[in-house]
Amino acid sequence: MSRIAESELIINDRGGIYHLDIRPEELGDNVIVVGDPGRVPLVSKYFDAIEYKNQHREFVSHTGRVGNKKVTVLSTGIGPDNIDIVFNELDALANINFDTREINTELKSLNIIRIGTSGSLQESIPVDSFVAGTYGLGLDNLIQFYQKTSTEEETAILNAFKQHTGIDNNLTPYITKSGEKLLAHFQEGYHHGITVTCPGFFGPQGRILRLQLTYPKLVDMMTTFQYEGNFISNFEMETSAIYGLGNLLGHNCLSLNAIIANRIAKTFSKDAASAMNKLITHTLELLSNL
Ligand SMILES: O=P(O)(O)O[C@H]1O[C@H](CO)[C@@H](O)[C@H]1O
Ligand SMILES: O=c1cc[nH]c(=O)[nH]1
């Protein structure tokens, strides 16, 4: 097994990984990722005990116990580029020996659940409701840097999406299925649909303030997309990268989002904090019983 060099796997003075500043023994097998660093204590306040707290840049993490489960809640910041850092470093903590710098012979699969906020692309999915993403469809280009293979089902949905939207070669969308084992637990109380990930909040999500858009019809095209029972429920800025990298690395991933904006009804939640609190408590309850 070859040794990974100091420039590739960067370990700081206290034995923590470079960006996350977490040590291998400080990571739970169950990881909740949230975009907003301020959301980390809103999750960990429901832990039965907190054992570790770390912070470096936007990556705040608390690790503790929920029932008999060791759980880490970690903020990712915004966007697929941050997910590249978070997922490679989480996987290194789980699957690389920090003393020998070699990949472990037995690989660990983490349960990784995103608890995020999102915009709805269907009038029937109102603000303050919850979506569990069946697939992550990326309009970002992160996965193009990795050797990804796709299932026939993923390829068929992606081809139908490209045909329906008439998207040009400047965009290279990709799609990955959610972790089915986790999704099976998040049924009642959740809408299910494809979560689209955009590499921006404004232009890529069709918002116009002062700049005109290259793809002004993209939101409409996403709303009307249908393929063999699959449709696009919502969009945000991390899920495609979470499902894409999580799948390549062998982790079980699920993206849960509280809808705070409905882009079709043009409404915005009046109490997003309550919706988020409900999603957090429900997720922890289900996680503790997995
Ligand atoms: O609330 P979080 O988890 O950050 O998620 C959503 O909110 C941010 C944009 O406001 C993006 O990160 C988007 O994915
Ligand atoms: O519309 C929205 C709401 C939350 N997060 C997003 O990325 N978009």
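For ligands, and for the atoms within them, numbers begin at 1 and follow the listed sequence.
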Exercise. Purely on distance, is any nitrogen or oxygen of Gly35 under 3.5 Å from one on ligand 1?
Worked result: yes
Exercise. How far is atom 7 (O) of ligand 2 from its nearest protein heavy atom, and which residue and atom name does that atom have?
Worked result: Gln205 NE2, 2.9 Å
Problem set entry | Note: Arg101-Glu6 ion pair, threshold 4.0 Å (strictly below) | yes
Exercise. Does the side chain of Asn234 come under 3.5 Å of the side chain of Thr195 through a donor N or O and an acceptor N or O?
Worked result: yes
Exercise. So, Lys70 and Asp29, do they make that salt bridge, N to O below 4.0 Å?
Worked result: no
Exercise. Do Pro126 and His191 have side chains that get closer than 4.5 Å, going by heavy atoms?
Worked result: yes
Exercise. Side-chain contact, heavy-atom cut-off 4.5 Å: Ile175 with Tyr243?
Worked result: no
Problem set entry | Side-chain heavy atoms of Thr239 within contact of Arg114, under 4.5 Å | yes
Exercise. Between Glu238 and ligand 1, is there a nitrogen or oxygen pair with a distance under 3.5 Å?
Worked result: yes
Seminar exercise, completed: If you scan protein heavy atoms around atom 7 (O) of ligand 1, the nearest is Thr117 OG1, 3.3 Å
For this session: Around atom 5 (O) of ligand 1, find the nearest protein heavy atom and jot down its residue, atom name and distance.
Result: Arg114 NH2, 2.9 Å
Exercise. What's the verdict on ring-ring contact (aromatic ring centres under 6.0 Å, His included) for Phe161 and Phe225, showing C-alpha distance, side-chain angles and the deciding distance?
Worked result: CA-CA 7 Å; Phe161 174 80; Phe225 174 69; 5.7 Å; yes
Exercise. Honestly curious: do Ile280 and Val60 fall in one hydrophobic cluster under the side-chain, below-4.5 Å linking rule?
Worked result: yes
Problem set entry | Subset of ligand 2 atoms that lie under 4.0 Å from at least one heavy atom of Met237 | 7 (O)
Problem set entry | Closest protein heavy atom (residue, atom, distance) for atom 1 (O) of ligand 2 | Arg207 NH2, 2.6 Å
Seminar exercise, completed: Under 4.0 Å from one or more heavy atoms of Glu236, ligand 1 contributes atoms 14 (O)
For this session: Please tell me if the side chains of Leu287 and Ile32 come closer than 4.5 Å, counting only heavy atoms from C-beta onward.
Result: yes
Exercise. Should you measure from each heavy atom of Gly116, which atoms of ligand 1 turn up under 4.0 Å away?
Worked result: 3 (O)
Exercise. Applying a 4.0 Å heavy-atom criterion (strictly less than), which segment of Ser118 is in contact with ligand 2: side chain, backbone, both, or neither?
Worked result: backbone
For this session: Specify the protein heavy atom at minimum distance from atom 5 (N) of ligand 2: its residue, its atom name, and the distance to 0.1 Å.
Result: Thr117 O, 3.6 Å
Exercise. Hey, is ligand 1 close enough to Phe201 that some N/O pair sits below 3.5 Å?
Worked result: no
Exercise. By number and element, which atoms of ligand 1 are closer than 4.0 Å to a non-hydrogen atom of Arg39?
Worked result: 1 (O), 2 (P), 3 (O)
